Q: 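To start, I am sharing the structure in question, which I have written as structure tokens.
Just so it is clear, the model here is predicted, and its values are computed rather than measured. All chains are named by letter (A, B, ...) in the order of the sequence lines, taking the proteins before the strands, and each is independently numbered beginning at 1.
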There are 2 protein chains.
Amino acid sequence: MNLNPHISVDCVIFGFSEGTLKVLLIEREKEKGLQVGGHKLKLPGSLISEQEDLDTSAIRTLTELTGLKNIFLKQYSVFGDPGRLKPMEDLEWLCRTSGMKVDRVVTVAYYSLIKISDSVITDKTIWHPVDKLPELIFDHNHIVMEALLNLRNEFHTKPLCFELLPKKFTLRQLQDIFESILNIKLDSRNFRKKIRKLDYLTELPEKEKNVNHKPAKLYKFDRRRYEKKETPLI
Amino acid sequence: MNLNPHISVDCVIFGFSEGTLKVLLIEREKEKGLQVGGHKLKLPGSLISEQEDLDTSAIRTLTELTGLKNIFLKQYSVFGDPGRLKPMEDLEWLCRTSGMKVDRVVTVAYYSLIKISDSVITDKTIWHPVDKLPELIFDHNHIVMEALLNLRNEFHTKPLCFELLPKKFTLRQLQDIFESILNIKLDSRNFRKKIRKLDYLTELPEKEKNVNHKPAKLYKFDRRRYEKKETPLI
């Protein structure tokens, strides 16, 4: 595969567990035969191949890493600051591992929403709470923050929370997701009152299992019903 | 200015006049000393400079062309199909005019909304109705269509129409803009009923002038009042 040393894709993969929004990070690949590299964390991504479209590169990166297909993926921004490949140590690592002379890379950034329970993740990866990120390579902390802002904006008007939740979920889980992504605290009673008015949430005749508190009712999202709703014009 | 032959920016500049949404096109630059080139139309844009950030490149392109500053500009997508620099005649033209060997260019696309009346446009440019575009170079027709779809989506939830309208406008102009961008026909009575409920539209004590029909009332958009509105959570 011929790589293009000028353009890359990076994927911010969001997941949700233990009441917290998380992002999937991988260890900087160790270099063959060398003891350097490793330790520092990065977003999944790579230089694009000369023969590949951008979306194809991103989908390949995701599928290889998570084993999932047909997942929510959105190209949300491009990062092209001429000085973004800092510090020098990270740039040297990139040149050594890619075997190419790299001066400047414009990276096309995607974010993705997955159900952590469905994914098959290798032991080189780690789910990290998004509000407590360590220092990542290059401008990857900035790329994650921009993805989060973008997600927050979209969250108000699109049913994105259901990409992160299991198929059957409790209202507590739904509230946790809103609070975590929007970084706010919601009043449970008001939240439930609002939620019950939404006709695209179906209450199931089941309750959660294996919990050490009173089992809560389970709900599911009815996408067909949601899509029938009209968007107000103005 | 050192150009980067791998990455470009392209700008889809929308304007509104005569009841129609238009896009700003420029003639393919004529080559020095040659009779070829010209005629075919393209979007404003250029290869980025090695020293420049992407947004800076786009802003420079826009300002040079329209004389406007502080205008609405949104990076909405990236086009990186390995086969996008077709037909061959267009690619040859790009290589000759840039003086560089170009194989593949990933272009970062922006759209912009301007008030046609405010802009200073040179005689090399043309405002073209967006629904009747001629064949543009490369994939520029596709880039315009994607910008339009993106604009349509945003139009439902953001006050973008006021970027295109003059500061003082009639309700007829407002309705024209909605009909043109969303490609629908609205019932005038219902539309006006809805509009009158919006507290961020201020009726002015003036009417339009120099028209050969009954002058209509003028309105203006109150951005401060608009921004006070709360976005519904779910």
Side-chain angles (χ1 to χ4, degrees), chain A residues 2 4-9 48-58 74-84 103-110 146 152-161 174-175 177-179 181-182 184 186 190-191 194-195 197-198 200-201 230-234, chain B residues 2 4-9 48-58 74-84 103-110 146 152-161 174-175 177-179 181-182 184 186 190-191 194-195 197-198 200-201 230-234:
Chain A
N2 278 338
N4 178 321
H6 309 285
I7 298 140
S8 64
V9 294
I48 63 167
S49 126
E50 281 296 7
Q51 292 75 39
E52 243 175 12
D53 189 18
L54 301 167
D55 290 359
T56 315
S57 280
K74 191 189 163 192
Q75 186 202 86
Y76 71 94
S77 195
V78 190
F79 297 87
D81 186 329
R84 60 176 287 273
D103 290 323
R104 179 180 182 182
V105 176
V106 169
T107 197
V108 182
Y110 292 79
E146 288 295 312
R152 231 174 243 167
N153 269 338
E154 300 274 299
F155 216 68
H156 285 294
T157 53
K158 289 184 186 145
L160 298 183
C161 47
L174 188 61
Q175 185 175 342
I177 253 181
F178 269 92
E179 293 187 343
I181 290 180
L182 302 176
I184 50 172
L186 292 166
N190 281 339
F191 182 76
K194 273 189 190 174
I195 286 292
K197 284 190 196 141
L198 305 176
Y200 49 81
L201 277 193
E230 274 205 356
T231 320
L233 242 194
I234 36 171
Chain B
N2 278 337
N4 179 322
H6 309 286
I7 298 140
S8 63
V9 294
I48 63 168
S49 126
E50 282 296 6
Q51 292 75 41
E52 242 175 11
D53 189 18
L54 301 167
D55 290 359
T56 315
S57 279
K74 191 188 164 195
Q75 186 201 86
Y76 71 94
S77 195
V78 190
F79 297 87
D81 186 329
R84 60 176 288 273
D103 290 323
R104 179 179 182 181
V105 176
V106 169
T107 197
V108 182
Y110 291 80
E146 288 295 312
R152 233 174 242 169
N153 268 338
E154 300 274 299
F155 216 69
H156 286 294
T157 53
K158 289 184 187 143
L160 299 183
C161 47
L174 188 61
Q175 185 175 341
I177 253 182
F178 269 93
E179 293 187 341
I181 290 181
L182 302 177
I184 48 172
L186 293 166
N190 281 340
F191 182 77
K194 274 189 190 174
I195 287 292
K197 285 191 196 141
L198 306 175
Y200 50 80
L201 277 193
E230 273 205 357
T231 318
L233 241 194
I234 37 170

Q: Report yes if some heavy atom in the side chain of A/S77 is under 4.5 Å from a heavy atom in the side chain of B/Q75; otherwise report no.
A: yes
Q: Counting only non-hydrogen atoms closer than 4.5 Å, does B/E52 touch chain A with its backbone (N, CA, C, O), its side chain (CB onward), both, or neither?
A: backbone
Q: Between A/V108, A/D81, A/D53, A/V78, which shows the greatest number of heavy-atom pairs under 4.5 Å with chain B?
A: A/V78
Q: Could you tell me whether the side chain of B/L54 reaches within less than 4.5 Å of the side chain of A/V106, counting heavy atoms only?
A: yes
Q: CZ of A/R104 to CD1 of B/I48: how many Å apart, nearest 0.5 Å?
A: 3.5 Å
